[in-house]
Amino acid sequence: MIDDLERAIEAMLFASDEALDARQVANRLGGEMTPGDVRAIIQTIAARHAGSGIELVERGGHWHFQTPADLAHLLRRERDDPRKLSRAAAEVLAIVAYHEPVSRAEIEAIRGVQTSKGTLDVLMEAEWVAPAGRREVPGRPLIYKTTDAFLQHFGLTSRKDLPGVDDLRAAGLLDPVDLAFEEAMGELDLVKDGEEA
Amino acid sequence: MIDDLERAIEAMLFASDEALDARQVANRLGGEMTPGDVRAIIQTIAARHAGSGIELVERGGHWHFQTPADLAHLLRRERDDPRKLSRAAAEVLAIVAYHEPVSRAEIEAIRGVQTSKGTLDVLMEAEWVAPAGRREVPGRPLIYKTTDAFLQHFGLTSRKDLPGVDDLRAAGLLDPVDLAFEEAMGELDLVKDGEEA
Amino acid sequence: MEELPLDFEVAPAAPEREDALQLSLESWEGPLDLLLALARNQKVDLKQISILALVEQYLSFISEARELKLEVAADYLVMAAWLAYLKSALLLPKDPLEDPSPDELALRLQLRLQRLAAMRDAAARLLARDRVGRDVFLRAKPEGLRDVRVRRWDASLYDLLSAYGQVKLRSEPVVHMVSRRPVVTLDAALHHLQRMLGVKLDWAELSDFLPVDYDGPLRRSAIASSFVAALELARQGRVELKQEGAFEPLYLKAAAMGQGA
């Protein structure tokens, strides 16, 4: 059987919108208890909850209920939200990978288009790109490099595994899109034939 | 020593900003427990807190912690009752709760007056009353029911817990006038028959 | 058209009457509410209530209000008229053929009053319960349960390499080459066809007139040009055309000289 005063103090600490100290609790009880008495009862309450899913904790003389830190994972549940990397982000990532360490201005010079700040942020959020210090040139721009997580995600042992430009060309990855299209249609050969005829 | 699962469920119910049902708790635990298992543990937690300054209560299948009513005088501070209901609104709320689902015309038939637009709005804004589809009669009128928030606010475990609902039903006072009238006339006829016999 | 006065006088407020009757009339929600209040004054169970006495009270209440020149809303007057009818019907000797009988009407009224009273009591009991925020309290600032969505970015090595390919391509100097398409002009087709018509004497299919070494798009172009050329020669009366039906092979023959021109 829990004593009425103890119940009252417990309820007060539970319903309060801020942590309370012993004096505040004593005042709310009508001022017949000393803060010392209150403190003793609070200790009893805290002991009763110890080891449960509710804790009564003291912070600078003020008391409040909270849930134990080791259960935080139950209260804050993480869910995956898979997203496809945008074309622009893939380009920036590739430039960083091929040219690292590289500054944002250098990325833009290579891409030939302005790069929005969000694009690099996305790559850093994905943990594929990380800052790698500053380049010792006027303005000391931040430079970026790829990470181990990048290598891991793309199945690369090292950056040296990235195919060279010649390999890309051989794989057709350097062909202009419209040229590749005509090739697929087989018309190029015909032109040659026609000319020969 | 309180078991880990019990601690986890207790922390969840304590930390949640709304009442949780067994299914929600089971989902959050990772789906390895059935709602039935969870319910049993919740009962254990509720029993452990019984008689303390914090109670775990069930409202419409959802559970939440609250302070016991007998301590209201200590906790009630100079706050206005935020949910002061007009007499009309209180009457409409009672009619919806005891007759649900009920159409506006049925509410008006009982009260003998038109329900001003604001009255139902106030109850819906408080989230105590919600539309519950349409009645399949000519005109397909909207029908209304009470919500879990209604049960929670008024401290009702379920709709069966409505004050005096069994007596009212037994007395036929929840039946429509037409039905009650026919029954009353039937009894009258029986009495007459009896007299004639 | 009459203009609305911009600055009209507001009618002076009616002097406050120290009249309980008026105040009461305003505080009721319609005739049924007033009837219930009067019924409760009888201080008996609604099941035992005297409907006749209730009707009397209601009618005298309304007539008093009207004597005091109070405004009585229409629905109160409608109810008064109906109750006056009920009263006379209840007092007159019973007519067994009357349907519904006044007793039945009285019973219905009684049932309605019982139901309204029941709900009014239920509302009072509901409001008297231990209510959240008034009698029982929840945690003021719960931590809350959160579902945090963690974005997982995805891209394949192919995406990466093809993106780089596009970047490299963009940065390379661009050279546009317009490829010459193989076509057979109408002039060439006319020339060729005329020449061939001199050689072939009998009916021959259009495709037989085409150079054998044309294939692919060039052949398609030659067919189109030769067809138009054939039509032109036919128009000039220099060739005869024959076809068995739609999409059947088209046959050509040089027109017999002398008959044509």
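Side chains included, hydrogens not; waters and symmetry mates left out as well; all remaining heavy atoms used. Order of the sequence lines sets the chain letters (A, B, ...), proteins ahead of strands, with each chain counted from 1.
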**Study point:** Any side-chain heavy-atom pair of A:Thr157 and A:Leu151 under 4.5 Å
**Key:**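 A side-chain contact under 4.5 Å is absent here.
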Review point. When you look at B:Thr147 and B:Glu127, which way does the side chain to side chain donor-acceptor pair (under 3.5 Å) test go after all the steps?
Key: CA-CA 7 Å; B:Thr147 62; B:Glu127 298 187 343; over 6 Å; no
Point to revise | side chain to side chain contact (heavy atoms under 4.5 Å, CB included) evaluation trace for A:Arg104 with A:Glu108 | key: CA-CA 6 Å; A:Arg104 184 163 155 179; A:Glu108 291 186 351; 3.9 Å; yes
Check your understanding: Can you name the residues that form a side chain to side chain contact (heavy atoms under 4.5 Å, CB included) with A:Val122, not counting sequence neighbours?
Key ->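 So A:Val122 forms a side chain to side chain contact (heavy atoms under 4.5 Å, CB included) with A:Leu85, C:Trp153.
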Exercise for review: Would you indicate whether B:Arg87, at its atom CZ, is surrounded by more than 12 heavy atoms from other residues, nucleotides or ligands within a distance under 6.0 Å?
Suggested key: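 Yes, the 6.0 Å shell around CZ holds more than 12 heavy atoms from other groups.
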Exercise for review: Would you mind telling me which of A:Leu13, A:Leu29, A:Leu71, A:Asp3 has the largest number of heavy-atom pairs within less than 4.5 Å of chain B?
Suggested key: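 The candidate making the most pairs under 4.5 Å is A:Leu71.
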Review point. Does A:Ala22 offer a backbone N or O that forms a donor-acceptor pair with the side chain of A:Arg39 under 3.5 Å?
Key: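 No, because the side chain of A:Arg39 does not come within donor-acceptor range (under 3.5 Å) of the backbone of A:Ala22.
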Review point. Given that the side chain runs from C-beta out, which part of B:Asp4 has a heavy atom under 4.5 Å from chain A: side chain, backbone, both or neither?
Key: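 Neither; nothing under 4.5 Å.
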Exercise for review: Enumerate by number any residue of residues 43-55 of chain B whose heavy atoms lie under 4.5 Å from heavy atoms of chain A; in the absence of such residues, state 'none'.
Suggested key: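 Listed by number: B:Arg48, B:His49, B:Gly51, B:Ser52, B:Gly53, B:Ile54.
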Review point. By number, which residues in residues 61-69 of chain B have some heavy atom less than 4.5 Å away from chain A?
Key: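 Hits under 4.5 Å: B:Phe65, B:Gln66, B:Thr67, B:Pro68.
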Check your understanding: Is the closest side-chain donor-acceptor distance between B:Thr34 and B:Asp37 under 3.5 Å?
Key ->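 Yes, because at least one side-chain N or O of B:Thr34 sits under 3.5 Å from a partner of the opposite role on B:Asp37.
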Check your understanding: Mind checking what makes ring pair (Phe, Tyr, Trp, His ring centres under 6.0 Å) contact with B:Phe154, not counting sequence neighbours?
Key ->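 Here the qualifying residues are B:Trp128, B:Phe150.
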**Study point:** Audit row: A:Leu20, A:Arg28, side chain to side chain contact (heavy atoms under 4.5 Å, CB included) steps and yes/no
**Key:** CA-CA 10 Å; A:Leu20 300 175; A:Arg28 287 190 199 185; 3.6 Å; yes
Practice item. Could you give me the CA-CA distance, side-chain angles and deciding distance for A:Asp121 and A:Met124, then say whether side chain to side chain contact (heavy atoms under 4.5 Å, CB included) is met? Key: CA-CA 5 Å; A:Asp121 287 350; A:Met124 289 200 276; 4.0 Å; yes
